[in-house]
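As structure tokens, the structure follows; a few thoughts come after it.
Lettering of chains follows the sequences in order, A, B, ..., and the numbering in each one begins at 1.
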Protein chains: 2
Amino acid sequence: MIVPQSRKERERESRRKEILASARSVFSEKGYSRATLEEIAQRAEFGKGTLYNYFVGGKEELLFTVIEQMYDEVHTLITDHFESAGADQPMRPVLRALIFKILSYYENHQDTFMILVKEVQRLLINGDEKAAYFIKQRNRLIEALEAPLSQAIQSGQLRPLPPRAVANMFLGNVHGCQMHVFLDQEHGQVDNACRADKNAEFLTTMLLDGLLVSQPVAEESTQ
Amino acid sequence: MIVPQSRKERERESRRKEILASARSVFSEKGYSRATLEEIAQRAEFGKGTLYNYFVGGKEELLFTVIEQMYDEVHTLITDHFESAGADQPMRPVLRALIFKILSYYENHQDTFMILVKEVQRLLINGDEKAAYFIKQRNRLIEALEAPLSQAIQSGQLRPLPPRAVANMFLGNVHGCQMHVFLDQEHGQVDNACRADKNAEFLTTMLLDGLLVSQPVAEESTQ
DNA sequence: TTAGAAAGTGACTGGTCAGTCAGATTTTGA
DNA sequence: TCAAAATCTGACTGACCAGTCACTTTCTAA
């Protein structure tokens, strides 16, 4: 958080960032195991050895740093959104706008999304100490969502379901929707913002109103 | 589909299955790239060379065969369910039961679920010819869901949203819910069936009724 | 019983790549 | 200006492992 002082330090920081950007792009294209340090170094215009001056932990530290960055970015997106929205707002426009922001973020950072899909899920589920760290990171995200959702549930705006589960599902749905965009991409290059907007509308309706057409009078209330 | 005739053929088939089961367990524990043929062979109680008598394509053919099996199993689960339910049933109990079945299946085949999470997503998104094959497999699953959902939409039971997107989201939510179970597994060994049932109820409510508490009279219908 | 076929095997090969380090290059500051 | 420090570099090493194949073991049927 402290701005580096000297020109030297600023330059070092900037080279570090270049390496990270290069790593992000290679990891997103190849996936962790097929990515090579050689290629990361090449794209960043350094020799392989130089990477170790910046990331002593080698390949793994590179991946972890990239993932940490990504989580920070999405976390900021979410907390900023709820901060600027203020408390006790009607949830529909607030959530719709958030969905739109996250979808747009993924559209504009497809590399980030790729790494999330290809690597994070694998890491999350691996059961070792490293997994624990990423579960914590992920939980930070979930909690940033959970708090406002929980409030909305208490104020009676949202249905009384477990807020943590709702937060998980919310994030999972946005994620899943973006995945769907990747897989069904025969829609010849629709404008990104337009597509994100349509998907945000779809998701908002599905999540807030549900699939069932509301029945004013329940015919069969058995079970 | 044809039952092998001779004892010899039956034995060969049974050994093939043992190798596949072993591959499934190793892939689910280690992930594709960290799994070794040596270990697969060991668990199946064969030498490494023998694997090539059964799977000429080596490691990759093993993975692909395993994934194909998994898709077949889930596909059967879905189609059988809708077949036995019959058409024009009320959707709530039908979908709730399906969610329960899929969640239970994943509970009882955690290895399958692991491979889905660790490998399939990575393969789906990779853009090469192999990805295309798995996208087709996945689409078979989606389509098995899409047809009944589409019918329910046309009959006015479900909200008129694009049925394909709904099918995608439906499957994604079941999947996401199971993921959630894995990640928040500090609930000391709750009975599987019970947990699956609770989660099925939660998902059914969230998907069918939505998060928003229905407002008979909208106070502020602005925007 | 046995010869030939079929099935099984694991030491070996070749390729890959993360990580190292001795030396080259650049920067610094006196 | 130049020596020492800092930085960069890529050839090299060792570990790993998929895939091969010459050999062994087991089966079959005459």
Side-chain angles (χ1 to χ4, degrees), chain A residues 4-27 29-67 118-119 122-123 126 128 130, chain B residues 4-27 29-67 118-119 122-123 126 128 130:
Chain A
Q5 294 83 0
S6 65
R7 178 177 62 80
K8 204 174 156 182
E9 277 170 356
R10 267 180 284 121
E11 279 180 0
R12 189 176 171 83
E13 186 57 28
S14 131
R15 277 184 228 114
R16 207 182 122 94
K17 275 187 187 146
E18 268 174 60
I19 294 172
L20 278 177
S22 164
R24 194 188 273 221
S25 104
V26 176
F27 284 142
E29 277 174 33
K30 304 288 173 73
Y32 181 71
S33 38
R34 294 180 53 218
T36 69
L37 288 184
E38 195 58 50
E39 188 168 358
I40 293 173
Q42 236 166 41
R43 285 201 205 175
E45 293 174 276
F46 285 108
K48 181 156 67 131
T50 307
L51 299 190
Y52 285 86
N53 289 344
Y54 290 87
F55 298 90
V56 178
K59 197 182 183 187
E60 204 178 63
E61 189 185 343
L62 276 166
L63 177 68
F64 285 9
T65 310
V66 163
I67 292 178
K118 286 188 188 169
E119 305 309 328
R122 179 177 61 79
L123 283 171
N126 256 358
D128 49 20
K130 285 148 196 172
Chain B
Q5 297 81 359
S6 64
R7 179 177 62 81
K8 204 173 154 182
E9 277 168 359
R10 268 180 285 119
E11 280 180 356
R12 187 175 172 81
E13 186 57 27
S14 128
R15 278 186 226 114
R16 206 182 122 94
K17 275 187 189 146
E18 270 174 59
I19 293 173
L20 277 178
S22 163
R24 196 187 271 221
S25 103
V26 176
F27 285 143
E29 279 174 32
K30 304 287 172 74
Y32 181 69
S33 38
R34 296 180 52 218
T36 68
L37 289 184
E38 194 58 52
E39 188 168 357
I40 294 173
Q42 237 166 39
R43 286 201 204 176
E45 295 173 275
F46 285 108
K48 181 154 69 131
T50 308
L51 300 190
Y52 287 85
N53 289 345
Y54 290 86
F55 299 90
V56 178
K59 196 182 183 186
E60 203 177 65
E61 188 184 344
L62 276 167
L63 178 68
F64 286 7
T65 312
V66 163
I67 293 177
K118 286 188 189 170
E119 305 309 327
R122 179 177 60 80
L123 283 170
N126 256 357
D128 50 17
K130 285 149 196 171

Next on the checklist: By the 4.0 Å heavy-atom rule, please label A:Tyr54 as base, sugar-phosphate, or nothing.
Outcome noted: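 Sugar-phosphate, backbone atoms only, no base.
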Checklist entry - Contact class for A:Phe46 (heavy atom, under 4.0 Å): base, sugar-phosphate, or nothing? => result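 Sugar-phosphate, backbone atoms only, no base.
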Contact summary for [X] and [Y], nearest pair of heavy atoms:
X        : Y       : answer
A:Leu51  : A:Ile40 : CD1-CG2, 4.2 Å
B:Glu119 : B:Tyr32 : OE2-N, 2.8 Å
B:Tyr52  : B:Gly58 : CE2-CA, 3.6 Å

Nearest-Å distance, [atom1] ([X]) to [atom2] ([N])?
X       : N      : atom1 : atom2 : answer
A:Glu45 : C:dT25 : CD    : P     : 19 Å
B:Tyr32 : D:dC17 : OH    : C1'   : 12 Å
A:Leu51 : D:dT9  : CG    : C1'   : 11 Å
A:Ile19 : D:dC8  : CD1   : P     : 8 Å
B:Tyr52 : D:dG19 : OH    : C1'   : 4 Å
A:Asn53 : C:dT25 : CG    : P     : 17 Å
B:Glu18 : C:dG8  : CD    : P     : 11 Å
B:Phe55 : D:dA18 : CZ    : P     : 16 Å

Can you tell if the side chain of [X] reaches within under 4.5 Å of the side chain of [Y], non-hydrogen atoms only?
X       : Y        : result
B:Leu20 : B:Tyr54  : no
B:Phe64 : B:Lys130 : yes
A:Arg12 : A:Arg16  : no

Item to check | Residue pairs involving residues 41-51 of chain A (criterion side-chain hydrogen bond (donor to acceptor under 3.5 Å, both in side chains); sequence neighbours excluded) | outcome: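 Those involving residues 41-51 of chain A are A:Ser25-A:Arg43, A:Glu29-A:Arg43, A:Glu39-A:Arg43.
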[X] side chain, from C-beta outward: closest of [options]:
X       : options                : answer
B:Arg15 : C:dT20, D:dT20, C:dG8  : C:dG8
A:Thr50 : D:dA18, C:dC17, D:dT9  : D:dT9
A:Thr36 : C:dG19, C:dC17, D:dA18 : C:dC17

Distances under 3.5 Å only, N/O to N/O: pair up the protein atoms with those of nucleotides 28-30 of chain D.
none

Item to check | Contact residues, residues 58-67 of chain B to DNA chain D [heavy atom, < 4.0 Å] | outcome: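 Output list: B:Gly58, B:Lys59.
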